[in-house]
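All remarks here apply to the structure that follows.
Quick note on labels: first sequence line is chain A, next is B, and so on, each numbered from 1.
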Amino acid sequence: NAGVTQTPKFRILKIGQSMTLQCTQDMNHNYMYWYRQDPGMGLKLIYYSVGAGITDKGEVPNGYNVSRSTTEDFPLRLELAAPSQTSVYFCASSYGKGGPLPTVRGDTQYFGPGTRLTVL
Amino acid sequence: SQKIEQNSEALNIQEGKTATLTCNYTNYSPAYLQWYRQDPGRGPVFLLLIRENEKEKRKERLKVTFDTTLKQSLFHITASQPADSATYLCALGPSGGYQKVTFGTGTKLQVIP
């Protein structure tokens with residue numbers, strides 16, 4: 001298993017440009033997430049998905065869009081990039097609901113290696 | 001609003017000693033709490049999960065406690081090694097099986113040989 005893979009690893013964008021960050025997982029996980037991590041700050045949830053065709057906003061969704069057409073892929077789209085979107089982006093996945101109580105298997109999030117994005 | 005606090009200052013500890021990291025939270029009643037390890041330039045890696053009805057959980061040299069009255073979790077690494085140097089994140093999960101956890105900012109641990 002490759003786990004969670006993200007591309008690209010690094011990217012520099014100019015203000016106003018658009019791009020898509022790719023995320024793929026091969027663990028057949030139901031849930032997928034996008035986070036951003038800024039220096040000295042915790043992981044902030046951007047968007048998440050509980051299954052193919054279902055997405056929802058997290059804590060900081062403005063300026064981003066997502067889609068989930070398959071179980072494996074969860075791309076993050078940046079439209080009209082701004083300097084405030086300079087950050088490290090992590091994609092994660094988890095198995096999902098195993099029942100009414102949290103389980104180690106269900107709630108453990110597996111993270112990708114991250115994409116370092118700079119907007120100039 | 002929910003708030004999770006981890007010591008933002010780095011923790012320096014001598015090799016062989018026990019490292020203790022703290023995670024405090026307010027305005028939150030989590031069903032469970034997780035600890036992750038993050039190395040520079042990498043994504044977090046899951047270490048341990050402890051539920052609200054559990055007081056303590058162990059895994060090899062790791063021990064986690066969860067005090068819902070104090071609203072605090074302690075993460076211990078016994079016989080610490082330089083390889084344990086990393087940033088450790090706590091994450092709180094809500095009840096109801098809904099899996100949207102909230103992460104703390106992390107504490108950087110440096111184990112000195």
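- A:Tyr47 and A:Phe90 are assigned to two separate hydrophobic clusters, defined by single-linkage of ILVMFWY side chains at heavy-atom distances under 4.5 Å.
- Note on A:Val4: it does not cluster hydrophobically with A:Leu117, by side-chain heavy-atom contacts below 4.5 Å among ILVMFWY residues.
- Within residues 11-23 of chain B, no residue has any heavy atom closer than 4.5 Å to a heavy atom of chain A.
- A:Tyr95 and B:Leu47 end up in different hydrophobic clusters when Ile, Leu, Val, Met, Phe, Trp and Tyr side chains are linked at under 4.5 Å.
- When heavy atoms are compared at a cutoff of 4.5 Å, A:Leu43 approaches chain B by way of both its backbone and its side chain.
- At most 12 heavy atoms of other shown residues, nucleotides or ligands fall within 6.0 angstrom of atom CZ in B:Arg42.
- Atoms CZ and OH, from B:Phe103 and A:Tyr35 in turn, are 4.5 Å apart once rounded to the nearest 0.5 Å.
- Among residues at least two apart or in separate chains, disulfide bond (SG atoms under 2.5 Å apart) pairs with a member in residues 19-68 of chain A are A:Cys23-A:Cys91.
- B:Leu62 is not connected to B:Val45 by any chain of hydrophobic side-chain contacts under 4.5 Å among Ile, Leu, Val, Met, Phe, Trp and Tyr, and they are in different clusters.
- Heavy atoms from other residues, nucleotides or ligands lying under 6.0 Å from CD1 of A:Ile12 number 12 at most.
- Around atom NZ of B:Lys108, no more than 12 heavy atoms belonging to other residues, nucleotides or ligands sit under 6.0 Å away.
- Most heavy-atom pairs under 4.5 Å with chain B: of the set A:Arg116, A:Gln37, A:Glu59, this distinction falls to A:Gln37.
- Across A:Met41 and B:Thr105, no two heavy atoms sit closer than the pair C-CG2, 3.9 Å.
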